[in-house]
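The structure under discussion appears below in the form of structure tokens.
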Amino acid sequence: VDLLGSATAMTCVVLDELRESVRLLKNSLEKIDKGEGTVGKLVQDPELYDEARETLGRVKKTVEPLGRMRATGQLRADYLGETERVKGTLGAGFHLSPRSFLLGQIVDDPRRDGFVYSAQAGMRFGALAPRAGVIESEFGAGVDLLAFRDRLMFSLEGFDFRRDGGPRLRLTTQFALLRYLHLVLGVDDFGSDTRREVYFGLGLGTR
């Protein structure tokens, strides 16, 4: 009898709480329907609704480009045929969109006895990707030609335009042997008879 009485009392309590919850929900829905409160004003006022939609649209336009960003990185070692030394390059790139990109590099150049840096911005137009900025601590510009689904890339660069004897011109070819392994072959300073340098190397990472 005591057990039955306890169960009955507990059932009454649950039913009372359920009725109270239903009452509160009903009151809330009535307020929304009357346009009371923040949610009610949003539902009943077309201007607030339109403003909310416009705000969400602006947020979406701001966030969407961030979702299209792509980061790349590469570690490269080139053997210089004339000086018989190794040049190391650590690079990173940020593709802000399918067309625009930023590139940065830290280069250990044995010909200059120290570290130099590069920072460039560019745009891609089909197979061509012109870029400009700082190349190995000097103002310069370059253009990349990509083929075979970007597995093969030819790069022509010119920088250090104030140098005696003319600017430093460089031609580089990179071929993606594997997804993260690139073969490198090029000619540095090919406009100079005394400073011309043929190099070859390997790159690890993504382009």
Side-chain angles (χ1 to χ4, degrees), residues 68-207:
R68 294 195 298 266
M69 287 182 61
R70 179 172 62 90
T72 61
Q74 188 181 57
L75 177 64
R76 204 174 103 188
D78 299 333
Y79 179 77
L80 309 180
E82 295 297 322
T83 56
E84 297 182 350
R85 300 181 70 179
V86 176
K87 178 181 178 180
T89 303
L90 177 63
F94 296 94
H95 294 258
L96 307 178
S97 71
R99 291 184 58 186
S100 59
F101 59 89
L102 301 173
L103 298 176
Q105 290 179 332
I106 299 176
V107 183
D108 183 10
D109 190 351
R111 296 176 61 175
R112 301 177 67 173
D113 296 323
F115 289 94
V116 291
Y117 69 92
S118 300
Q120 303 172 74
M123 294 284 291
R124 181 165 180 177
F125 303 94
L128 290 176
R131 47 188 167 82
V134 177
I135 301 178
E136 297 187 8
S137 299
E138 300 287 347
F139 173 76
V143 61
D144 303 322
L145 173 64
L146 298 104
F148 299 110
R149 297 183 180 178
D150 295 355
R151 293 187 64 186
L152 179 63
M153 183 170 73
F154 300 98
S155 301
L156 177 62
E157 297 175 315
F159 57 102
D160 200 2
F161 296 102
R162 297 176 296 177
R163 187 184 67 168
D164 293 337
R168 185 172 169 181
L169 303 175
R170 180 161 58 210
L171 178 64
T172 306
T173 302
Q174 293 189 63
F175 177 70
L177 185 64
L178 300 172
R179 183 175 181 181
Y180 299 112
L181 178 63
H182 305 89
L183 300 180
V184 181
L185 177 64
V187 184
D188 194 2
D189 222 346
F190 63 81
S192 172
D193 294 332
T194 59
R195 291 176 284 201
R196 185 180 298 116
E197 188 101 52
V198 177
Y199 60 92
F200 60 91
L202 290 174
L204 294 175
T206 57
R207 265 205 319 256

- Query: Can you tell me if CZ on F125 sees more than 12 non-hydrogen neighbours from other groups inside 6.0 Å?
  - Reply: yes
Q: Could you give me the CA-CA distance, side-chain angles and deciding distance for R163 and D189, then say whether side chain to side chain contact (heavy atoms under 4.5 Å, CB included) is met?
A: CA-CA 12 Å; R163 187 184 67 168; D189 222 346; 2.9 Å; yes
**Asked** Would the number of heavy atoms belonging to other residues, nucleotides or ligands and lying under 6.0 Å from CG of L156 be above 12?
**Response** yes
Applying salt bridge (Lys or Arg N to Asp or Glu O under 4.0 Å) to R76 and not counting sequence neighbours gives D78
Test side chain to side chain contact (heavy atoms under 4.5 Å, CB included) on K87 and E197 and set out the steps.
CA-CA 12 Å; K87 178 181 178 180; E197 188 101 52; over 6 Å; no
In this structure, CZ of R85 is separated from CG of D108 (nearest 0.5 Å) by 8.5 Å
Return yes if some donor-acceptor pair links the side-chain N/O of R124 with the main-chain N/O of G126 below 3.5 Å, else return no. yes
Rounded to the nearest 0.5 angstrom, the CG-CG distance for L102 and L96 is 4.5 Å
The reported gap from CZ in F200 to CG in L80 (rounded to nearest 0.5 angstrom) is 9.5 Å
side-chain contact (heavy atoms from CB on, under 4.5 Å) filter on F154, not counting sequence neighbours, yields L145, L152, T173
For A176, the side-chain contact (heavy atoms from CB on, under 4.5 Å) test, sequence neighbours excluded, returns R151, H182
Sequence neighbours excluded, the answer for salt bridge (Lys or Arg N to Asp or Glu O under 4.0 Å) partners of D160 is none
For F139, the side-chain contact (heavy atoms from CB on, under 4.5 Å) test, sequence neighbours excluded, returns F161
Margin query: Before you tell me yes or no, could you show the steps for L128 and D144 under side chain to side chain contact (heavy atoms under 4.5 Å, CB included), namely the whole-Å CA-CA distance, both residues' side-chain angles and the distance that decides it to 0.1 Å?
Written below: CA-CA 6 Å; L128 290 176; D144 303 322; over 6 Å; no
Taken to the nearest 0.5 Å, the spacing of L75 CG from T89 OG1 works out to 8.5 Å
request  = Please step through side chain to side chain contact (heavy atoms under 4.5 Å, CB included) for the pair F115 and L90, ending with a clear verdict.
outcome  = CA-CA 11 Å; F115 289 94; L90 177 63; over 6 Å; no
Discussion item. Any non-hydrogen side-chain atom of R131 less than 4.5 Å from a side-chain atom of E157?
Written reply: yes
Of all heavy-atom pairs linking M123 and S100, the shortest is SD-CB, 3.4 Å
Is there a side-chain contact between E136 and R170, using heavy atoms and a 4.5 Å cut-off? yes
Here the gap from L185 atom CG to Y199 atom OH, rounded to the nearest 0.5 Å, amounts to 8.0 Å
Correct closest heavy-atom pair for L146 and A129 would be CD1-CB, 4.4 Å
Sequence neighbours excluded, the answer for salt bridge (Lys or Arg N to Asp or Glu O under 4.0 Å) partners of R196 is D193
Identify whether the distance between the nearest side-chain nitrogen and carboxylate oxygen of D109 and R168 falls below 4.0 Å. yes
Between F159 and G140 the two heavy atoms that sit nearest each other are CB-CA, 3.7 Å
Minimal heavy-atom distance between T206 and Y180, with the atoms involved, is CG2-CE2, 3.2 Å
